[in-house]
Structure formats: C-alpha cells, structure tokens
Number of protein chains: 2
Amino acid sequence: MISKTAKYAIKAVIYLGLHSSESHKILTRDLYEKIQVSESYLAKILQELSRHNIISSAKGRNGGFYLTRDNGDHTLMDIVRVLDGGQYVDSCVLGISQCNAEHPCALHDKVGKGKTEFNRVLEETRVSELIADLQEGDAYFPL
Amino acid sequence: MISKTAKYAIKAVIYLGLHSSESHKILTRDLYEKIQVSESYLAKILQELSRHNIISSAKGRNGGFYLTRDNGDHTLMDIVRVLDGGQYVDSCVLGISQCNAEHPCALHDKVGKGKTEFNRVLEETRVSELIADLQEGDAYFPL
DNA sequence: TCCTATTTATGATTTATATCATGTTTTTCC
DNA sequence: GGAAAAACATGATATAAATCATAAATAGGA
C-alpha cells in the first residue's frame, strides 16, 4: 500500500511536529530508535524530506531537523509522494487499464471504495491537523 | 496493498470462472495476453493456485485449467494469501507495534478505516459471488 | 507402445526496494 | 581561523519481488 520508507517518514514528521521547533532542533541520532529504523537510513529519509521542504533543517553546530508552521501545511500524500514517487496511486485495484471511477471493474466496485477512501484521507489530511489532534489528546501515537 | 502477482491471480481466477468448465479447459497460452503478463509467469501463478486448490487443472493432452463449483467457494483473501503469504495484512498502517483496533494510532484511526474496509471485502467476497455478479451483468470486467 | 501436448517442478536472472557505509560541505563556537 | 558538529551527497550492498527459461512428469491418442 505504502512503502516502509514512507511509513518511517510519516512517523518522523509527526514526531518532529510534536517535539521540535526552530529553537529546539532534533538530531537523527536522537530519533532513529523511536522510529525503529537504522540511524543512517533515517538520515537519508530526513534529507529527502528536507530537500522537498516537508521538514526544515539546519547544518553545523546546533543544527538538526525541525518543523515550522509552513511545513505543517503539507498533506500526508505529499510525504508518500516524495518517497514512493507517486507510483502507487494507480486508479484500478487490479490494474485494468479500461477501468476507472466512472466505469469501475467488478472488484474496483467492491474493494475500490476502501482504497479510494484510504487515498482520500491521505490527500486531505494535513500534517498540522494531525499534530493538533495529537496535542489535544484526541489521538494516540506511541513512539 | 496487494502484490502484482496477486492481482494477476485474481484476474485469472475470475476469467476462468467466466469462461471455463471441466469440459472446456483453458490453456496458459490462451490466457496470458488477457491478463497482461508473460506466459511463463502466468504458468507459475496458475500452478500455485492449482496446488492450493483455488483452481483445478488437468495434465497432458486435452489438459488445462478450469474452475469447478467447489473452487468458487474460496474468498478473494484466500487468493491473496496463497501468493503474498499473508504478510501484508498487518494491523497498523504505520507498523506501530502498540497500535491495534482497540487502541488505534493517530493515522490508523483516520486511514485505517479504509484499509480495514478493504480487507473486509477481500475476506467476505467469494469467487462464486463475483462470477455471479458478472454473469448477471451487474459488474464490469473488461479482459 | 510411442509421440505429442500439456502441467509441474526447479532454478536462474532481472529489477526494485530497503539498507548500509563513507566521504564532503556547511556552520558555530572557541 | 581552526576544530568539531552537524546536515548533505553519493555509491555500495543486501534482500525481496517479479520475471524468465528449461527440464521432468503425466496423460491421451494414433
């Protein structure tokens, strides 16, 4: 559905949203265990996110990664696209070319709703909203 | 979400359900183009399905693959499990170990519904039902 | 009984994903 | 201005998924 890499990325972004700011940056080495991924792999992922402006970073001493208000404007789908390259979002569950929303195939019609719903949520949910939900205690995020 | 291999398999099973019977078996070479996969790869998939009794087969001259009434009793999830090994059905969308249905994580709570729905449909839909829908013209399946 | 058409079994190859490792650049502090 | 601390860039390796190729087993028909 979405790659492991994208999952790591989403977790990391949420964590940064909850625990970082421009005045309190976070280092890869202090984050990788929580995400349950190796330090060097997380580093690569964070760099990719930074390059696409999903998160912010500062080099050198006192550097690190953090989330600004602007960063929070991205959707979860943006994150997935940066890491999975947008290829997973194909219209038909069975990969039938003549199948689309107006003319859904047998399975699409049944199963497709679940997938469409999944995509829709990814597309509509902004990082900032998710963070807000978590801060208000409405949601659970055990990292 | 589900592998390409599983998609090929589902397509093939549906096709067999619509166009084959014990007295009218179908050869790999007459099917692979419709599924849009190579002949040898489809052969491998059909063999795997046959071994797990999802479809039926006969060797030798006048042999081929076909679907019996008994075969139709399997669910779509059965097909997926045979080819993907059941590993994709992990509980949490983000792979968080402490997250489950009773205690859903932030994303699980939002996105999870889509995935759960998807799984449910796979689990509940029997091959025979899907075939019936198609034969009655209620569904679309352009192969 | 022998030949041919078919599934079946097995292994090799390619491609994609995930992961690791190492060197380079930038920034801040002393 | 030099040294240390950090992100950044790049390439190598490992693992898994997808695909291909070939030989063996089986069954039917002449």
Side-chain angles (χ1 to χ4, degrees), chain A residues 1-12 16 20 22-33 35-67 71 80-88 90 95, chain B residues 1-9 11-12 16 20 22-33 35-67 80-88 90 95:
Chain A
M1 189 146 225
I2 59 181
S3 69
K4 291 171 81 173
T5 308
K7 292 183 182 186
Y8 297 149
I10 292 176
K11 286 197 209 179
L16 288 177
S20 78
E22 187 158 8
S23 60
H24 184 267
K25 309 189 182 70
I26 290 185
L27 306 182
T28 307
R29 98 164 73 92
D30 295 326
L31 183 54
Y32 76 96
E33 284 174 326
I35 310 289
Q36 295 188 60
V37 63
S38 78
E39 183 170 357
S40 49
Y41 196 41
L42 177 60
K44 196 171 214 171
I45 294 170
L46 291 176
Q47 285 161 28
E48 193 72 11
L49 289 172
S50 173
R51 182 163 348 121
H52 287 83
N53 204 40
I54 306 277
I55 65 178
S56 301
S57 69
K59 284 186 185 180
R61 198 172 270 211
N62 291 337
F65 296 95
Y66 59 102
L67 217 73
N71 294 140
V80 173
R81 258 194 273 264
V82 162
L83 292 142
D84 291 359
Q87 65 227 9
Y88 106 92
D90 54 2
Chain B
M1 189 146 225
I2 59 180
S3 71
K4 292 171 80 176
T5 308
K7 293 183 182 186
Y8 297 149
K11 287 197 210 178
L16 289 178
S20 78
E22 187 159 6
S23 60
H24 183 267
K25 310 190 181 70
I26 290 185
L27 305 182
T28 308
R29 99 165 72 91
D30 296 325
L31 183 55
Y32 76 96
E33 284 175 326
I35 310 289
Q36 295 188 62
V37 65
S38 78
E39 184 171 355
S40 49
Y41 196 41
L42 177 60
K44 196 169 213 171
I45 294 170
L46 292 176
Q47 284 162 30
E48 193 72 11
L49 289 172
S50 172
R51 181 160 352 120
H52 286 84
N53 203 41
I54 307 278
I55 64 178
S56 301
S57 70
K59 284 185 183 180
R61 195 172 272 208
N62 292 337
F65 296 95
Y66 59 101
L67 218 72
V80 172
R81 259 194 272 265
V82 162
L83 292 142
D84 292 0
Q87 66 226 11
Y88 105 93
D90 54 2

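Below, read A as the first sequence line, B as the second, and so on, with proteins coming before strands; counting in each chain starts at 1.
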Query raised in the report: Given dA21(C), is OP1 or OP2 found less than 4.0 Å from the side-chain N or O atoms of Ser40(A)?
Result: no
Query raised in the report: Given atom CG of Leu49(A) and atom C1' of dC8(D), what is their separation to the nearest angstrom?
Result: 14 Å
Query - Separation of dG11(D) C1' from Lys44(A) NZ (nearest whole Å) - result: 8 Å
Query raised in the report: With no hydrogens and no angle check, is any side-chain donor or acceptor of Ser20(B) less than 3.5 Å from a backbone partner on Leu67(B)?
Result: yes
**Report entry** For Ala58(B) against Lys25(B), the heavy-atom pair lying closest together
**Finding:** CB-CE, 3.6 Å
Query raised in the report: For DNA chain D, whose closest nucleotide is more 5', that of Tyr8(B) or that of Arg29(A)?
Result: Arg29(A)
Query raised in the report: Under a 4.5 Å cut-off applied to non-hydrogen side-chain atoms, are Tyr66(B) and Ile55(B) in contact?
Result: no
Requested in this report: Mind calculating the distance between CD (Glu39(B)) and C1' (dA18(D)) to the nearest angstrom?
Outcome: 17 Å
Requested in this report: Give a yes/no on whether any side-chain N or O of Ser57(B) is located under 4.0 angstrom from OP1 or OP2 of dT8(C).
Outcome: yes
Query raised in the report: Given side chains that start at C-beta, do those of Glu48(A) and Leu83(A) come closer than 4.5 Å, heavy atoms only?
Result: yes
Query raised in the report: What's the CZ-P distance between Arg51(A) and dT10(D), to the nearest Å?
Result: 8 Å
Query raised in the report: Please give, in whole Å, the distance from dA5(C) P to Lys25(B) NZ?
Result: 17 Å
Query raised in the report: When the distance from CD1 of Ile35(B) to P of dT19(D) is rounded to whole Å, what number comes out?
Result: 13 Å
**Report entry** Any Ser50(B) side-chain nitrogen or oxygen under 4.0 Å from OP1 or OP2 of dT8(C)
**Finding:** yes
Query raised in the report: Ala58(B) near the nucleic acid: base, sugar-phosphate alone, or nothing, with a heavy-atom cut-off under 4.0 Å?
Result: sugar-phosphate
**Report entry** Of Arg61(A) and Thr5(A), the one whose closest DNA chain C nucleotide lies more 5'
**Finding:** Thr5(A)
Query raised in the report: Does the Asn71(A) side chain pair with the main chain of Asn53(A), one donor and one acceptor, at a distance under 3.5 Å?
Result: yes
Query raised in the report: So, is Thr28(A) close to the dA6(D) phosphate, meaning a side-chain N or O under 4.0 Å from OP1 or OP2?
Result: no
Query - Nucleotide dT8(C), atom C1' - distance to CD1 of Ile45(B) in whole Å - result: 15 Å
Query raised in the report: What is the distance from NZ of Lys59(A) to P of dT26(C), rounded to the nearest Å?
Result: 5 Å
Query raised in the report: Closer than 4.0 Å, any side-chain N/O of Asn62(A) to the OP1 or OP2 of dC29(C)?
Result: yes
Report summary line: Taking for Val37(A) and for Leu27(B) the nucleotide of DNA chain C with the nearest heavy atom, the one nearer the 5' end belongs to Leu27(B)
